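Report on the structure given below.
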Amino acid sequence: MKIAVIGTGYVGLVTGVALSEIGHHVTCIDVDPSKVETLSKGIPTIYEPGLEELMKKNMAAGRLAFTATHSEGLAEAAVVYIAVGTPKRADGSANLDYVEAAAKDIAHNITQNVIVVIKSTVPVGTNFHILNVINANVQPGIQVKIASNPEFLREGSAVNDTFHGDRIVIGAEDEATADTLAEINAPFDMPILKTDISSAEMIKYASNAFLATKISFINEIANICESLGANVEEVAKGMGFDHRIGPDFLKAGIGYGGSCFPKDTNALVQLAGNNHHDFNLLKSVIEVNNNQQVLLVDKILSRFGNLEGKRVAVLGLAFKPHTDDLRESPALVMIPKLAELGADIIAYDPIAIDNAKRQIKEEIEYTEQLPTALQNADFAVVITDWPDVKNIDLSEYNQLMNDPIVFDGRNCYSLDAVKQATIEYYSIGRPDQTSELIS
Ligand SMILES: NC(=O)C1=CN([C@@H]2O[C@H](COP(=O)(O)OP(=O)(O)OC[C@H]3O[C@@H](n4cnc5c(N)ncnc54)[C@H](O)[C@@H]3O)[C@@H](O)[C@H]2O)C=CC1
Ligand SMILES: O=C(O)[C@H]1O[C@H](OP(=O)(O)OP(=O)(O)OC[C@H]2O[C@@H](n3ccc(=O)[nH]c3=O)[C@H](O)[C@@H]2O)[C@H](O)[C@@H](O)[C@@H]1O
């Protein structure tokens, strides 16, 4: 089937590549000409494991193309996906400007009946609003159907999640539309839920809000464990045996980042509030997460008091491993605070440094080599649990740093291993391994 995808970001690009891989003829459209130029050379504009080879393969097979011209990309498409950004507004609500612009681009450029599928995360009611926008601008005689197909991929595993995710949700107002979309997605090996549009839109927000809730819950338990001398890693392990709780998403740390949990939780609070429901639980989830991101700064200050001239190795910039995405990364909160306190910062990240240099205005050093970051550092702060950080031989902290003092925001190491390595170690929700203990 001829398919167009509007937006070639993390979702649009992966969606377009995956749809071409299962045999569809896909044209991806973006308003950013530099992105289109790079993509047209077969070079991905995002880092996602497995993406580049699939891109090149399907471009060579003539099933995948990129353009900045909507009329070209939309020509003869039977289905058009909207996968543009819905960033957070200052009041927390979802900014739908890009979705509305994409809708008008579709309306102004299609000459055939289409199904428009909204993959972007949008508040309940947006699909119908977008259909109205399209119908108000499309040439007479063109029939447009609308459907909701929210995306559940995780960055860093986007390709894998697209082919082997947990479910595909299709929201449509008529069987024929739902069946067409189910047929398109049939080669992906996962359950397909057909439901109404509003429920499909809500499934996405409710899923992200619940996942964020699980993370803030275990982080609050971690904070309580810390004051009681319990170990949150052990608590999470014991909780996870209960199949109703499950072991996933119980990793305590300095909180969630990323382009979606922060924005989608705020958007859902706004959506509920606009409909006279004060979503107190979710407001608390957000507050807990905001506090968690700066927890390590308090630990660092109580250990050192003054950071003037202290050399700190910040380990990790991306909001999670295996991605170059820094959106809402705790690093964007921690680095300015450490710099403001007078610390001399060197940041390690294997792939996010280019993005970081565009977003971090503080004058800091960067390195893709972990030992270089640790060399002569007075203390280290783990922000992202990259494999190189998690798998480091702990003796390297002793050998390379002025003092082996580690503040671990992602609980990368077992307390036993840390004791063995005689590292002064501060983590989240577990007893500190202080200098008195190791002396
Ligand atoms: N990033 C993620 O892991 C996930 C994101 N989502 C949702 O998917 C949507 C897209 O997210 P991302 O891919 O991260 O966004 P992104 O910001 O990475 O990419 C959006 C792309 O759309 C392009 N664009 C904007 N307006 C356009 C127009 N009128 N025509 C053509 N291109 C246009 C932009 O130039 C940009 O390249 C959001 O609603 C997000 O909440 C859903 C699941 C996962
Ligand atoms: O809507 C979206 O954009 C996506 O948001 C999340 O995916 P993503 O943000 O890419 O990454 P996650 O793996 O969910 O991690 C999110 C954040 O939570 C943190 N996290 C995750 C799990 C955990 O146990 N503890 C924890 O602190 C991670 O460090 C990261 O900062 C959801 O997991 C996806 O299903 C969803 O499609």
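Heads up: numbering here begins at 1 and tracks the sequence. Order of listing sets the numbers, starting from 1, for every ligand and every atom in it. Side chains are part of it too, since the values below use all heavy atoms of this structure and drop only hydrogens, waters and symmetry mates. Please read these numbers as outputs of a predicted model, since none were measured by experiment.
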Is there a salt bridge (Lys or Arg N to Asp or Glu O under 4.0 Å) between Arg327 and Asp325 once you walk through the steps?
CA-CA 6 Å; Arg327 290 180 283 189; Asp325 196 348; 3.0 Å; yes

If you measure from atom 36 (C) of ligand 2 to every heavy atom of Glu151, Arg154, Lys204, which option wins on shortest distance?
Lys204

Need the list: ligand 1 N/O atoms against protein N/O atoms, distance under 3.5 Å, rounded to one decimal.
| unit_1 | atom_1 | unit_2 | atom_2 | d |
| --- | --- | --- | --- | --- |
| ligand 1 | 1 (N) | Glu155 | OE2 | 2.8 |
| ligand 1 | 3 (O) | Glu155 | OE2 | 3.3 |
| ligand 1 | 13 (O) | Tyr10 | N | 3.0 |
| ligand 1 | 13 (O) | Val11 | N | 2.9 |
| ligand 1 | 14 (O) | Arg327 | NH2 | 3.0 |
| ligand 1 | 29 (N) | Asp105 | OD2 | 2.9 |
| ligand 1 | 30 (N) | His70 | NE2 | 3.0 |
| ligand 1 | 32 (N) | Val31 | N | 3.4 |
| ligand 1 | 35 (O) | Asp30 | OD1 | 2.7 |
| ligand 1 | 37 (O) | Asp30 | OD2 | 2.7 |
| ligand 1 | 37 (O) | Lys35 | NZ | 2.5 |
| ligand 1 | 39 (O) | Thr86 | OG1 | 2.7 |
| ligand 1 | 39 (O) | Thr121 | N | 3.0 |
| ligand 1 | 41 (O) | Thr121 | OG1 | 3.4 |
| ligand 1 | 41 (O) | Lys263 | NZ | 2.6 |

If you measure every N or O of Ser259 against every N or O of ligand 2, does any of those distances drop under 3.5 Å?
no

Enumerate the atoms of ligand 2 whose separation from the nearest heavy atom of Glu155 is less than 4.0 angstrom.
10 (O)

I'd like to check the side chain to side chain contact (heavy atoms under 4.5 Å, CB included) partners of Lys56; sequence neighbours left out, ordered by chain and number.
Glu52

Enumerate the side chain to side chain donor-acceptor pair (under 3.5 Å) contacts for residues 163-172, please, sequence neighbours excluded, ordered by first and then second residue.
His164-Asp189, Arg167-Ser207

Does the Asp30 side chain pair with the main chain of Thr8, one donor and one acceptor, at a distance under 3.5 Å?
yes

Trace of the salt bridge (Lys or Arg N to Asp or Glu O under 4.0 Å) decision for Lys41 with Glu37
CA-CA 7 Å; Lys41 293 174 189 159; Glu37 187 186 352; 3.7 Å; yes

Around atom 14 (O) of ligand 2, find the nearest protein heavy atom and jot down its residue, atom name and distance.
Phe249 CZ, 3.2 Å

Identity of the nearest option to atom 21 (C) of ligand 2, non-hydrogen atoms only, from Asp166, Ile254, Ile215
Ile215

Going by heavy-atom distance to atom 32 (C) of ligand 2, choose the closest among Phe261, Phe319, Phe152.
Phe261

Do any N or O atoms from the side chain of Glu362 and from the backbone of Ile364 form a donor-acceptor pair under 3.5 angstrom?
no

To atom 27 (O) of ligand 2, the nearest of Arg327, Arg410, Gln293, Gln292 on a heavy-atom basis is Arg410

Indicate whether any N or O donor in one side chain lies under 3.5 Å from an N or O acceptor in the other, for Asn149 and Lys119.
yes

Among protein heavy atoms, which lies nearest atom 4 (C) of ligand 2, and at what distance?
Leu153 O, 3.5 Å

Parallel, tilted or perpendicular: which one describes the rings of Trp386 and His322, with boundaries at 30° and 60°?
perpendicular

Atom 25 (N) of ligand 2 [closest protein heavy-atom partner, distance rounded to 0.1 Å]:
Lys251 O, 3.0 Å

With heavy atoms and a 4.0 Å threshold, my read on which part of Asp161 contacts ligand 2 is neither

Worked verdict on Asp278 versus Lys283 for salt bridge (Lys or Arg N to Asp or Glu O under 4.0 Å):
CA-CA 9 Å; Asp278 200 0; Lys283 283 180 179 175; 2.5 Å; yes

Without hydrogens or angle criteria, can the side chains of Tyr413 and Tyr397 be said to hold a donor-acceptor pair below 3.5 Å?
yes

Interatomic spacing from OH in Tyr426 to CD in Gln433 - rounded to 0.5 Å
9.0 Å

Contact between Cys260 and ligand 2, counting heavy atoms under 4.0 Å?
yes

Would you please test Asp97 and Arg89 for salt bridge (Lys or Arg N to Asp or Glu O under 4.0 Å) and show each step?
CA-CA 11 Å; Asp97 292 352; Arg89 289 186 187 284; 3.2 Å; yes

In this structure, atom 12 (P) of ligand 2 is nearest to the protein heavy atom Lys320 NZ, 3.7 Å

Quick one: does Gly257 get within less than 4.0 Å of ligand 2, heavy atoms only?
yes

I'd like to know if Glu328 contacts ligand 2, where contact means a heavy-atom distance under 4.0 Å to any ligand atom.
no

Under a 4.0 Å heavy-atom limit, does Leu250 contact ligand 2 with its side chain, its backbone, both, or neither?
backbone

All N/O donor-acceptor pairs, side-chain side in residues 330-340, below 3.5 Å, sequence neighbours left out:
none

One thing to verify: whether Asp432 and Lys299 come together as a salt bridge, which I'm taking to mean a side-chain N less than 4.0 angstrom from a carboxylate O.
yes

N or O contact, Tyr256 vs ligand 2, cut-off under 3.5 Å:
no

Polar atom proximity, Thr121 to ligand 2 (N or O, under 3.5 Å)
no

